[in-house]
Structures are given as C-alpha cells and as structure tokens.
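Structure, as structure tokens:
Convention: sequence-line order gives letters A, B, ...; per-chain numbering from 1.
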There are 2 protein chains.
Amino acid sequence: GAAADNDLYINQAIVFIEDAIQYRSINHRVDSRSLWLYRWYYSRTCQWILSLTITVILALAFIEEPSSLTVTSDVRYRLPAWNPPCGLTESIELLCFLVFVVDVSVKSYLIGWKEFWKNKWLMAYILTLIVSLADWIVSLSFFCKESVRIRRILRPFFLLQNSSMMKKTLKSINSTLPEMASVLLLLAVHLSLFTMFAMLLFARTKDNQQDKEWVVYFRNLPDSLTSLLVLLTTANNPDVMIPAYSKNRAYSIFFILFTVLGNLFLMNLLTAIIYNQFRGYLLKSVQSSLFRRRLGIRAAFEVLSSLRETPASAQQSCVSVGALLQVLQKAEMDSRCKQAIMRSLKMCSCDQLSAVQFQKLFEELDKDAIKQHPPSPEYQSHFMQKMQFAFGHPCFGYLGNVVALANIISICVVLVMDADKQPSERDDFFLGAINCFFILYYLLEMLLKILAMGLKRYLSYPSNRFDGLLTVILLILEIATFAVYGFPHPGWRPEFMGLLSLWDMVRLVNMLIVFRFLRIIPNMKFMALVVTTLLDLVKNLRAFAGILVVVFYAFAITGIMLFKGAVVPLGNARGSEEYSEAEFTGSCVHISLGKKKVLSWCSAHFQAGVVYCFLYVLSVHLICRWAKIYFVAWWLISSVIWVNLFVALLLENFIHKWDRRCQRESLSGIEYQRTVELMFRDVLEEPTEEELMEKLHQHPHLQLCR
Amino acid sequence: GAAADNDLYINQAIVFIEDAIQYRSINHRVDSRSLWLYRWYYSRTCQWILSLTITVILALAFIEEPSSLTVTSDVRYRLPAWNPPCGLTESIELLCFLVFVVDVSVKSYLIGWKEFWKNKWLMAYILTLIVSLADWIVSLSFFCKESVRIRRILRPFFLLQNSSMMKKTLKSINSTLPEMASVLLLLAVHLSLFTMFAMLLFARTKDNQQDKEWVVYFRNLPDSLTSLLVLLTTANNPDVMIPAYSKNRAYSIFFILFTVLGNLFLMNLLTAIIYNQFRGYLLKSVQSSLFRRRLGIRAAFEVLSSLRETPASAQQSCVSVGALLQVLQKAEMDSRCKQAIMRSLKMCSCDQLSAVQFQKLFEELDKDAIKQHPPSPEYQSHFMQKMQFAFGHPCFGYLGNVVALANIISICVVLVMDADKQPSERDDFFLGAINCFFILYYLLEMLLKILAMGLKRYLSYPSNRFDGLLTVILLILEIATFAVYGFPHPGWRPEFMGLLSLWDMVRLVNMLIVFRFLRIIPNMKFMALVVTTLLDLVKNLRAFAGILVVVFYAFAITGIMLFKGAVVPLGNARGSEEYSEAEFTGSCVHISLGKKKVLSWCSAHFQAGVVYCFLYVLSVHLICRWAKIYFVAWWLISSVIWVNLFVALLLENFIHKWDRRCQRESLSGIEYQRTVELMFRDVLEEPTEEELMEKLHQHPHLQLCR
C-alpha cells in the first residue's frame, strides 16, 4: 500500500543519508528487509564484533606453537614458551571462520547477485575461507602435528578485505608497480654489470697476501652479488672496500661509482617515481569520497521526492520538510550536525525543498567543527578577579615551562653526576627533595589554572589535559613513595621492597617528568606545525600501516615456517658474555648448516620488527640461499618500497600544509578540528548534477520513477 | 668626434650582445678602454688561465707536506710520500695569488667604485687574498715549519667566487637555512629527550650480568648521546639494542620509537622542507638568466639607436640594419646562430629595425639546435643498395645487441667456472677463442654500418661513436695480445710478461666488453628516459657539486690539520692479517689516547672521500670529543643536508621531465640538444619593456640619451 511504500522510501532515505555520512557506496539492495539487514550489518556492534574477530585471529600467532612470546629473547635464559593444547587455538579459529562466513554471506547478499560476480574481493574472500577451512580440517586430522599451515599465511587477508581504504591504497600501489619494476630492473642491470666488473677486477692472484678482497667478498658469483647488494644498503660500507683500498687507492673509484650510481641516483629515482605517482593520490581519494557523499544525499532526495504526499503536479521534483525531519530523526549522525541541519530547516520558511536546497542543507556535514571553549567563571570578589587575571595569563604558562625546564636540567645534572656510581653508593636524597618540590609546584600550577579557568575550560584544552593527567600520576607516585619509604632524608637509600624499589620509583617519576616536558611543543610555532603535520600524516597513513601489517605478518609467518628451530643454544661453544650477540649470527650459521633444531628464530623478530635484522644478517656471509632470497624480498618490500611510499606521502602532506600555512595564519584565532577532507576543500570539484543522476540511474537495485 | 662616438656605440653593442649570449650582467664600465679590458678579461685565454690557477692551487694539497698520496693506503707497506722542498709549493702559491690579485683588480675596476662597495663577494675576495698573503709570509719566515696554515682552509673560496652559478646556489641554500635549523633543533630536542629516557631506563643495576646495555652504550651522558646519534644514522642498528632486548623484549619499543620518530619522520621532514624550498629554484634561476639575456639585447638596441646615422626625426627609436651587421660580424657567438640571424636579417627587406624586431632576431639564440644527421651515401649498384637496406635497418642493431648479450653471458659462465681455480690452473683458451670471434663480429658490424650509413652519418650518432671507439680499442688490445702471446691454443696460460700479463690483458678485454654492453641503453625506452634525466641532473648539479667540493676540501684540510699523525703502524700489537682493517679503528683509538704521531690519517680519506669513514668511526666508541664534533658536523653537512638537496633536485628534475614526456613523444622524430633553459621554455615569463627600461636606466655607467 501507499503507507508501506512511504515507509520504504523513508527507510531508503535514512540509509542513503547514513551512507553519505560514512562515505559508503550506495550500490546495495533497497527493499525493506535488506535495508534492515544493511543497517544491522553496519551497526556499531556488528562492525565491532568483526574487528574483534580479525584482531583475535591475527593475535593467535603469538601463542601458537612455533612462536615464543617470552620476556627475554636470550635463548639461554628463556623458559620454554607455553604451548596451548591441540584444539584450543583451532577451536578459536573455527569461531572466527564462522563469523567470517556470516560476514561474507551478508555482504554478498546485500550487494546482489549481479554485482557479486563483478566483485573480485568478495570472490577472493570466499576462496580464502574455503582454503582456510580445508587446511583447518587437515590440521585437526593430523592432531596439530602437520608442519605446513597455509591458513596462517592467508590470515592477513581478512584484515585487508575489511578496509575500503586499504583496498583503495593497494589499487593505487598496484598502478605504480610497472614503473617501480622498471627502476628495479635498472637496479638489477646495474648490480649485475658491476658484479661482473668486480669479479674481473678482484680476481684471484698468485700472491695470497694480495687477494684478500677476493677471499672475503668476491670469491664467486653469489658472494660478489651479495657483497654488492649489501653495499647498496650501505650496511657493509667501508668494510667491503678496505682490503682493495689498502692495496691501491684507485680501487675505491669502483666502489664510489657503484654507490653514487646505485644509492644516490637509482634509489632516489625510485622515490621520485613513487612521489610522482602519489602526488595526486590524496586529492583523488578525497574527491571520490566527496562524490560518494553527494551521491548518497542525492539518492535520498530522489527517493523522498517519490513520496506520495508530494504534489505530483510540480514541474520540479521536491521534498517536503516534514519527510526530511522524519528521516533526520531516525538517521544516525553526529548530534552537532543534526542540530545544525534542524536549525537551518526551521529557519528556511518554505515547505518544499528543491534538490539544490536539499544538498545545501547537508553541507553542514563538510564543515569544520569550530571548537568553542567553555567560558571562564566570573568571580565577584576583586581579589579573585585579580588572581584570575594573573593565573589565566599566558605568562603563567611560560613560567610553568621554565620550571619544567629547570626540573629537566636538575635531573640531567644528577644523572651525569651519578652515572658511574655503584647502586649501593647512590643517595637519592637530593633528587627526591628536588622532585618533591617540583611536583608540589606542578600541583599548585594545576590548581591555580583550574581556579582561573574553571574546570570545564581547563579540561577543554588538550595540553592542559596532558599536563593535569601527568601531574596527578606524579602526585600519586610521590605519595606512594613517601608512604613506603618515608620522607626524603640524607642517606635515603634505594633498597628493594615490594613491587618497585625506591630507585625504580624515582626513575619512573623522572621519566614522567621528562615526558611532561613535551607540553612546550604547542608554544613553539614551527614545532607545532611539524607535530600537526605528523599527526595528519598518521591519520592518512592508517591504510598504509595496515598494508604494512599485512606484509609484516605474512613475512613473519613465512619466516617462522622456513627457519623454525634454526637457533640452538650454542652452550659452551662461545663465552656467555658474547652469547646474546651471537644469537643472531648463530642463527644464520645454523641455517646455512641445514640444522633444524627446536627454537624459532624469526618469531623473535616477529615481535621486535624484522627490519632490524636484515642488514645485520646479510653482512654475515654464511647464510644459505633461501634465507638470502627471503631477506632480499623483505628488504625490497619493507625498506625500499614502503619507506619510499612513506616519503612520498610525507612530501605530499607537508607541501600541502606548508602552502596553506599563510592562509591559515589569518584565521589563527579559531581552532579547527581539521580532517583530510577539509585540507583539500578549496581544490575539490563539486560533482555536477548530470554525473550524479547518471550514476543513480546505473544503480542496480533502485528504480527511480523518472 | 662623431666617428669615435659611433665606434664606441658599436663596441658597446658588441659587448652587450656577448653579455646577453653568456647570460652575464651588463652592469660594467662602458668607455672604450674598459670595454677593451672587459673583452680581454672574458676572452677564452684569460678565463682559461684563471680556471687553471684555481685548479693548481686546489691540487697543491695533494703534494703538500701532511698529505700522503701513495698507491696503497696501508700504513705498513706504503713508502714515505714525496715531500717537496720548502719553497716549491710556496712559490707556486705566490704565482697563483698574483693571478688572483690581477683578477680582483680587473673585476673591481670594471664594475666601478660605487658598485664595488655593494659587492660583498669582491670584498671577501680581497680579504681572503690579504689573509692568505699574510699567512704565506709567516709560513716562509718559519721556513715551512709552522703547524697551522689558515690559507689552506681558505683556498676553496677562490673556486666559489669564480662561479656565478655557485654563488646563486649558495644564496638559495642560505635562504633555506632557517627552516633547516628548525628541523635540526627539533632533532636535537628529540635526541636529548630520548637520551635522558635511555639513561633512566638503562641505569646501572646491582647485577653485573644484567647491565650490559649500560656498560657498552649508556655509561654516561656523552656515551648515550653518541649511541643514539649513531642509531640515527642506523649504523649500529641492531647491535645497540641487543643487550637490552635479550633482557626483556619490551625494551625494543624504546629503540623502535626512537628510530621511527627520528629516522622516518624527522629526517624525511628535512627532505620535504628542502624540496619545498627548492621546488621553484630551477625555474627561478632560468627566469633570471632569461632576464639578463633580454636586458643585454635591449641595451645593445638602445646604444645602436643612438648612432648618429639614424634619422633623429623618427618618433620611434630604431636601428639601421647596416650597424647591426657590423656588430654581428665582430661579436663572438655560435656560428650557427650568427648565420641564422644574418639570414633573417637579409630576408627582412626593411632598412630600419624597431625594438621588437630587434628582439625577435635574437630569439634564434634561445632555440633548440635541431640536429640533422648527414644523409646516407647513395649507391648505384643494386647489390649495394640491398646491402645498405639490410645493414641500415634497426634489426641489424638489435642483432648486434643480442650478440653483445651472448658475449656477456659467455664471459659470465667462464667467470663462474673459473671462480675457485688457482691462477696456475687457469686455461684462457676458451675465453680467448670466444672473445676473438666476438671482436671480429664487432669489427664486421662496425664496417658494415659504415658501409650502409657512410662514415659521417655513422659518427653523427653518439651510440655509434661509443660503439666504434670501444671496438677499435678492443681490436688493438687483441692484436697486441696475439703479437705477444700468439694465437689462442689449448693450454694458453697466463704468464707474466712485460707490462701486462696475458691474464690481465684478457681481463681488460672482458671489462671493455661488459662496458660496451651499455650500448643497449638507448634501445630501452624507460632506461633512455632515466639516463637522460640523470644526464640533465648532472648538468644542473654542477653548482651543487662545486659547493660540495668546497665543503669537502675545507673539511679534509681541517681534518688533516686536526688529526695529523694520529695513525701509527701498530706493529706487533695486532696480527698483520687484520692490519688494514685496524688502520681505521686504530686511528680513533689513538686520537682518544692523545698520541700524536707521524702519519696522517684523514689525508688517506681525502682522496677516498671522507663519507665512508664516518659511520665506521663513530661506531667505535673510543674517539675523543673533538673528533666526535668534527665527524658529526661532517655527517650533518655531507650526508644529511647535501643528500637531501640532491634528492630535492632529482625530484624537481624528474617530475618536470615526466610531465613533459608525453608532449615530447609527439616530436620524437626530431632530436634536440636540450638545455635546462629549454626544458622550462613554455613556463617562462618574458620580461616586459617597462622592466627592461627601468633596469637600463639604473645602469651605473651607461647614460641613455632619452
């Protein structure tokens, strides 16, 4: 009936507006049951459960068998890691898989059959699930004793497919690949030509004294290639040329030429290429988000204009204010925006809204939220007013900075003086007394500021929140110290007692004081600019970081599988002093010897970041061929490509910010909550009506009346 | 008289046009004697003498006393370097100083007294000369035994002041300094805060086993600062965190945080800032060159229009064609341009030229020289025509590339097979026979190409010149080998004989063959683009390279003076095997012990590039404080700032080139001799007539009639 139809239209409008707010695509089913499912699927609870499931399945690697999440990484001291019984992690995995199965079915249903066949990501999702489940069954039927577990390597895919930003970024990286490949090819040519040169230059001679270069670095083709590849990373930089250089200085020309061509030119060329490709990346992605938002709003307008209550006679389609109010009340959106839209709806006296007016109403969504600090309290007493003026003045803040600096300097002086003292000789009296005084000052400063500004205004500044929180923690720590160890007095010795010794307490307090010193940042103009750029960058980098996590995870799992048990405690073979350094070296040696022993080696790096290992490992020349290939691939992806992507994004962000700095300075009085979308607002193009309508008519499920 | 006046005007016009061609400033004296002096000063001979003098005075460091330009850098083997007798280098220096005195006097005279006082470079030049001469007198009066020679550090100034490009670049770098300083300040804050954190985290504990981190890296403030500074260069990357990491994995968070903030963010921020500053740099410099050219031509027009022969009645000032022809004949310029201008002068039928016409005539100077290859010879015989078609075809070139590749692969195979053989076991028969065959093919290819294209056309392609030259050298080498060692036969052993052994000969031939393989570059599109970008970059980088040489020189001389005699042969203290590696380490140890011995250590690096040493040296923790400061300064300037400048320029150049690639591809048939000026031609702004005239009226020596 008409009422049911009207209800459907209202519901459609609500969903479209929510899509617009979240920058989602509107290409989904629009019948009432699908709409209910859609809103349920994108509700906070559901999305939260999905994220939790992804986190859990990724985190499983930390407790699964070949991992070794222990406190120390030293093979001698560490206890055997806890091995979960067979079936525990597997049942958690099964639960996760079930959630994913529900997720993929709902998603596939919602976009419809036709769209499903076009969506490669969904197909890959289903394929991954099938492979994982099959592998899971195999695993259980072997009672968890099988050695290869493909599903672990596939896990990061679940993270990847759940984020549209990451998919977009991946597509963008993908389009850069051909040019990156050309540079990498060039790099390979460079490397191989220089390797041949090197092998001809540093050939074996009759005099054994003279061919040290040949013995150590250029004995055969793989060795030479490795030496020069490592030189490209500058890890063995002076070492590799020393034997030849000490024979004849002219040999250094070869190495300088190689480094200049490879490192300065080709590597930076890669940066240039990636930057060139990514120059428009942010803008393009913001532009497409804007298009999605406008499209969602336009779709809402179109469905609302087909409501029966609208006079069909009107030439121009329009929407009644009442219907819109109904939609707004039910839609989930930021309350500030909702109120602002309601307000402008009431202000506009007309009863019907045209498409342009409708669009304009929702422009509130794109606007900066102007942050208004609550007002200071108004005191009656003259004395209080004077106090308020004095402690609300910026100078009081500067004084606080000076005091914090003085505190840092005093800690530094004590550190320098105590550097060489035995723990038993230390006397914490001086530092304890000083810190006590400073913390009292910080407390006083906080209280006076709250007095002058009022609690609400005080808390509305992030710098004050940071300040206050640290002051309170410091105060609690100090009180706890006094409660346990009494007040500072000469000979206030740090002795071990309870959870933390006095010495640890004092260190913790000092660290917090050093950390609190960061409050000076907003006071320095250039620093503030840099820090806001960095924060912006972190926001924009989330997608990249996600992809990095995916790559990290896949590499770590592969590494664990490849090098499982390559490290063994060498025991008496080396002195215990050198041991922990030897762990790294030992691992490589052992891989090369083909021994497969108990302890995992890459799992150690899984938690620490594999990056650090590569240069160190490749400079030890004994590693076997497979490990070499693994590490070179890792170096190329994590260090070369990812770092260059990072540099490109930083350049892009920073240059935009810098260009806009002057412009912003004129508005410096007002504090904005800036988002990426706003940074580009004056460059963005509004989509035309024709584009929007064309896209709407292509909608697979929505039949517009006209 | 009028004739003398006319002569003066003609001469002025000649000089102004030459200024325009060379992009020189026209603000110099314009009376006839000064003009003669000016043309003499800028004549090729004079400028050549000046450059030679600068080269000589800079090269003196290689033979002066504390240097050690010997073949080997190994302290044990090297002979004492040749010490020139006192007075030899000093008298060469005096000669150079005299040339500089003449140079500075002529320059000062030519720009005139008023301008002289405004020119800080000239004043600094005179000051440097005075200080150098005073130091020279002191040096002679001590019979060359004095230890500090200031004039050596001042030498690179002579290189700096002679190049206007370098002065411009320096100014540009100078304007970036405030922002660079801000980032460096930020870096210093980052470093000091983290140092304090580290000292609090890795404090001395009671258990000696547990505080390895403290013992090795964070014993006191300078040690901690050094450890973290070196971590910023990633030189001690995994090592520094291993002791703490093996105690507790969580400590790695500290190091990861430090590296990510410092290396990824702050260091790349420096790149972004420098790139942002240099984005317009090339364009701006080309724009100001264009202005100088237009100004010179306009000035020539103005002086020619004041010639008596022009009818004064004319409202608009103009120039007679005859006068211009007279000027053109006497002016020194590219003969192609001169002919083109003459031709268009003859084509234009008018007798008088207006300012616009005059300017237009000289636009020939800005144009690309379209390179035309001479035509192929036309053969009568049908057979020869077919031959010409076959061997002039690009496919023949590709065949040549394939053969070169086959040759490379065969050499590679032999290298891999022979890698581990003793020199006495080697048999060069196989390689000798193969190379003989390939070189014959190369010779044939060259001859056939010359037959098909004619010698002139063949030589007009740079790739053919490269190819032909290498083929001829290879042929000569091969003939020499056969003459000495006979034709290849099984058991063709490499024995030492004469200057080069057979083995060395074969190696040399192989290297040349590998080098010859680079001829494939122009055939691969992307490679060609990259290589042309790099060549462009090298052109634009000359000024930067000059400044780098200046900085290198100053640092090397300072280093020689500071660390003179810090390295001594350690003799029996270490095994001779490890010796040459120990030279570096030893130097640092010895500096720290304060021993000042005979051999110079930095002079060794002077010839090899000091860059390589830094990371290695700082990672040895025993060096003394002064050496530390010296190396940190060196690292900041050479590695951080200069590399970032380089990256900025590369980005700038590459992105311009890339943007223009499509545009260029349409013209791909025509080969241009591209210059920087031409790259920007479509972006450049022509100066307006008002700007030019205003600048002309500000000329300190030229009084224009109107």
[X] portion near chain B, given a 4.5 angstrom heavy-atom threshold:
{"X": "A:Leu200", "value": "both"}
{"X": "A:Val189", "value": "side chain"}
{"X": "A:Phe517", "value": "side chain"}

Can any side-chain N or O of A:Asn276 pair as donor or acceptor with the backbone N or O of A:Ala272 at less than 3.5 Å? no

With chain B, which of [options] has the greatest number of heavy-atom pairs at distances under 4.5 Å?
{"options": "A:Leu266, A:Val514, A:Ile411", "answer": "A:Val514"}
{"options": "A:Val183, A:Leu221, A:Leu201", "answer": "A:Leu201"}
{"options": "A:Tyr251, A:Tyr275, A:Phe515, A:Phe265", "answer": "A:Phe265"}

Quick one: [atom1] on [X] to [atom2] on [Y], what's the gap to the nearest 0.5 Å?
{"X": "A:Ile274", "Y": "A:Leu269", "atom1": "CD1", "atom2": "CG", "result": "10.0 Å"}
{"X": "A:Phe646", "Y": "A:Leu651", "atom1": "CZ", "atom2": "CG", "result": "10.5 Å"}
{"X": "B:Arg507", "Y": "B:Leu512", "atom1": "CZ", "atom2": "CG", "result": "12.5 Å"}
{"X": "B:Asn268", "Y": "A:Leu649", "atom1": "CG", "atom2": "CG", "result": "11.5 Å"}

Count the heavy-atom pairs under 4.5 Å between each of [options] and chain A, then report the option with the highest count.
{"options": "B:Leu261, B:Thr271, B:Leu185, B:Leu193", "value": "B:Leu193"}
{"options": "B:Val647, B:Ile408, B:Leu650", "value": "B:Leu650"}
{"options": "B:Leu518, B:Ile253, B:Val416, B:Asn510", "value": "B:Asn510"}

Once you measure the plane-to-plane angle for B:Phe202 and B:Phe254, does it fall in the parallel (<30°), tilted (30-60°) or perpendicular (>60°) bin?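 Perpendicular, since the angle between the ring planes exceeds 60°.
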
Heavy-atom distances under 4.5 Å only: say whether B:Ile273 touches chain A with side chain, backbone, both or neither. both

Show the numbers, then the answer: is there a side-chain contact (heavy atoms from CB on, under 4.5 Å) between B:Met267 and B:Leu187? CA-CA 8 Å; B:Met267 284 296 193; B:Leu187 212 59; 4.2 Å; yes

